[in-house]
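Comments concern the structure below.
A, B, ... follow the sequence lines: proteins, then strands. Residue 1 opens every chain. As the structure is a prediction and not an experimental result, all values here were calculated from the model. The analysis underlying the following values was restricted to heavy atoms, covering all of them including side chains, and did not include hydrogens, waters or symmetry mates.
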Amino acid sequence: MFKIVDKEVLAPTLSKLIIEAPFIAKKRKAGNFVIVRATETGERIPLTIVDSDEEKGTITLIIQAIGKTTTIMTQMERGEFFLDVVGPLGQPTPIDNLGTVVCIGGGVGTAEVYPIAEALKEAGNRVIGIVGARSKELVILEDEMNQVCDEVIVTTDDGSYGMKGFVTDALKNVMNDEPDIKGVYAIGPMPMMRAVAETTRPQEIKTYVSLNPIMMDGTGMCGACRVTVNGELKFACVDGPEFDAHKVNFDELIARNRTYEDQEKMSLEAFLQEQECKVHDAQTEQYKYKD
Amino acid sequence: MRKQNNTNTKTNGKVNPLKPSERMKIPRHLPIEQGAEIRISNFEEVSQGFNFELALEEAKRCLECKNPVCVDGCPVNIDIPGFIQLLLEKDYQAAIEKVRESNYLPAICGRVCPQENLCEIVCLLGKKREPVAIGKLERFVADYEMAHGKFTPPQKAEPKNQKVAVIGSGPGGLTVAAELAQRGYDVTIYEALHEPGGVLIFGIPEFRLPKHIVKEEVERVKALGVEIKTNVIVGRTITIDELFDELGYESVYLGTGAGSPNFLNIPGENLSGVYSASELLTRVNLMKAYKFPEYDTPLKIGKRVAVIGGGDVAMDAVRTSKRIGPEHTILLYRRSREEMPARVEEVHHAEEEGIEFQMLTNPVAIHGDENGWVKSIECQKMKLGEPDEKGRRRPIPIEGSNFTIDVDTVVVAIGQSPNPVIQQTTPGLETTKWGTIIVDEKGATSREGIYAGGDIARGGATVIQAVADGKRAAVSIHEYLTQVREENKKKAEQVAES
Ligand code: FES
């Protein structure tokens, strides 16, 4: 069992959890992830390790409530336990001193690109960060990114904060201003990563994306996470999750990721309804009590 | 350790009043089974095995050969006539203990061993009639103990104060652990998944091997003092060298299993609706997707399913798919029925359950609809050519014979390749060109103190082969650690002298 030693709610559906996992904390490198099974009936969920503290033996995870399992996970509190946490998984990001690099995070992807930005900075790069979100309250880790980047641009789709537009709009500006970008690291929703890949392709700027296909074991055992990269079959959990963005078959991956769309929706709705009923029951209970 | 192959428990026919000629006249008994109609809509065990009456009647058939060839046919040399005699004496507890002397996982092996190719194929009774149902008898005594008996862990040898790490908690790992714990070693099993049992838990379906049986056998290994640590991926969470250098293990057994699923490398294999058998089975067995939405892990099996392959895993996959409830379930295999490597019993069960077999059929492409979902599979007809090195006739494509079958789900069950994580993170560990770990006849790898067996060394093995490898390696590890102990003692004495 893995204890939740701290929790912070970053946005309504976004929680940051600090988990006790000493072995993983010791081994983990930027780009690694873990698989978490929170409860007996829960799915195995892959999550990027955002940060770790070897001394305290903890790792930091940021979880967005998307389906039923992740909703339950974001609702768990300090002092509770995850049943299973396994890792560190995946290939770490190769970190070299390249010169000027751009690190792009979209939505919860910012949590995933942050450790890479940090490692790249430590290696001596000039790091430009781009943090994108739908609107102001969904912008995360801006301060943390500021600490490890030489410059950070925030974009929101609705213009409620920072620059109005998409991360690719900001990226185009950066590409105009900076003649010699040596690498772009983009993590976020699949369409965003594809758009970044298309933006950098004409200038052939090396671009890496961290893919989030459907996963189960995370150890190369099931092949659920298979993706086509440069025409070859790859397992994202062991060969990735990072790949050369210009070689990834995004269309195929986006279609595959929709495999369980209906079931996930159904399961989440049923769960939320059940929760509402409980809240409702609790309220009526209280009401009766007062009565 | 108790002696194995101890065949002198025989009571020379005292218990069994029948003459050999009379015994031979009794036809082989069939186990109680759930009818095909009913079982295709549940995940409960198909075979219920023998009840007391059937078991006793079947046991009477054993000829008690002086030279029991069945014992040699068994990869772990269970004293088969010995335990059958005890069964006949109605000393069921002694019977199961006799089995456990040679095989610590009898409830599992009694269910999944291909006895028809091992102990039963050599049974003398089988020369003229049908062999004794040894497997079902083994299962009977094991089940008896779980239901009515009392398990007492076998006696352990003096503590050796030496630590052994076993990587993987499948049948091989559990066996090594049980054998070495009985010899007095401190054994820890490291398991990558969240539940111990390896292929017994994630691979073999509930209807062939109920998970409570696996759990119970695992508990019996733990009862010997073996510790099982789940959620540890050796090579990632911790390396082999760290186990030696930092955690003080003196020997390591690698029983990590088959690893990574193979794909056909045909167009359309990454469409939605295409699964590897490993994914399908793990979703259902380990993650309980058949209980969705009570369990959160989903599985989407459409109306028409095609499973590709002819081995045991293909049978498990096709029968699992069937139980999820599609209208039509087809098995595609590129050779003919005779070449199918799956157990006869399982092929027979699959047929009873209404699975359509399409032999000499080789998939060449999977076609998708506008949403990226499987809509059909294109196949080529095959014919059989000359036998290959293994003696199986090679399938040859028939030009211009392509045809398509409308399906919305495809399951690929064409085997696995070794997972490379341990090989990549353990310097000096030699592998074959297929990635399997090289071992000698004692199960020793190229690195001192490291042993391996089962699928990771053989490429593809059965549960009982993994158990046999585990037993062999346990003997070797015991020898090795004894030598280490003696050398340390000598060194200590020398230091004391000087
Ligand atoms: S998640 Fe199962 S192989 Fe990658």
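- In this structure the side chain of Thr282(B) reaches within 4.5 angstrom of the side chain of Met216(A), judged on heavy atoms.
- No donor-acceptor contact under 3.5 angstrom links the side chains of Asn419(B) and Thr219(A), judged on distance only.
- With a 4.5 Å cut-off on non-hydrogen atoms, Leu271(B) touches chain A through its backbone but not through its side chain.
- Using a 4.0 Å cut-off between charged nitrogen and carboxylate oxygen, Glu40(A) and Lys288(B) do not count as a salt-bridge pair.
- Closest approach of Phe2(A) and Asn231(B) over heavy atoms only: CE1-ND2, 3.9 Å.
- Residue contact with chain A, scored on non-hydrogen atoms closer than 4.5 Å, is absent for Val412(B).
- Contacts of Thr39(A) with chain B are absent, with no heavy-atom separation under 4.5 Å from either backbone or side chain.
- Side chains of Phe202(B) and Asp217(A) form no contact here, defined as non-hydrogen atoms less than 4.5 Å apart.
- Using a 4.5 Å cut-off between heavy atoms, Glu191(B) makes no contact with chain A at all.
- Proximity to chain B (any heavy atom under 4.5 Å) is shown, for Ile35(A), by neither the backbone nor the side chain.
- Here the closest non-hydrogen pair linking Ala255(A) and Gly372(B) is CB-CA, 4.4 Å.
- A distance of 7.5 Å separates CD1 in Ile214(A) from CD in Glu279(B), rounded to the nearest 0.5 Å.
- Under the 30°/60° scheme for interplanar angles, the aromatic rings of Phe235(A) and Phe263(B) are found to stand perpendicular.
- Between Arg236(B) and Arg28(A), every side-chain heavy-atom pair lies at or beyond the 4.5 Å cut-off.
- For the pairing with Val86(A), the side chain to side chain contact (heavy atoms under 4.5 Å, CB included) check across Thr230(B), Val232(B), Leu193(B), Ile233(B) returns one residue only, Ile233(B).
- In terms of heavy-atom pairs under 4.5 angstrom with chain A, the leader among Gly259(B), Pro420(B), Ala277(B) is Gly259(B).
- In this structure, Thr69(A) and Thr297(B) have side chains that are not in contact, with every pair of non-hydrogen atoms separated by 4.5 Å or more.
- For Phe43(B), the CZ atom sits in a packed shell: over 12 heavy atoms of surrounding residues, nucleotides or ligands are nearer than 6.0 Å.
- Considering NZ of Lys229(B) and CZ of Phe23(A), their distance stands at 7.0 Å, rounded to 0.5 Å.
- By the 4.5 Å heavy-atom criterion applied to side chains, Arg44(A) and His194(B) are counted as neighbours.
- In terms of heavy atoms, Ser260(B) sits closest to Gly220(A) at OG-O, 2.8 Å.
- Looking only at heavy-atom pairs under 4.5 Å with chain B, the residue among Arg226(A), Arg37(A), Met266(A) that has the most is Arg226(A).
- With chain B as partner, the option from Val238(A), Ile254(A), Ile24(A), Val85(A) having the largest number of non-hydrogen pairs under 4.5 angstrom is Val85(A).
- Looking at Met221(A), the atoms closer than 4.5 Å to chain B (heavy atoms on both sides) sit in the backbone and in the side chain alike.
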message = I'd like to know whether Lys26(A) forms a salt bridge (charged side-chain N to carboxylate O under 4.0 Å, His left out) with Glu246(B), so could you lay out the CA-CA distance, the side-chain angles of the two residues, the decisive distance to 0.1 Å, and finally the verdict.
response = CA-CA 13 Å; Lys26(A) 193 173 144 201; Glu246(B) 291 175 25; 3.2 Å; yes
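- When heavy atoms are compared at a cutoff of 4.5 Å, Glu294(B) approaches chain A solely by way of its backbone atoms N, CA, C and O.
- In this structure, Lys56(A) places its NZ atom where only 12 or fewer heavy-atom neighbours from other residues, nucleotides or ligands lie under 6.0 Å away.
- Counting heavy atoms from C-beta outward, Asp296(B) and Phe271(A) have side chains that stay 4.5 Å or more apart.
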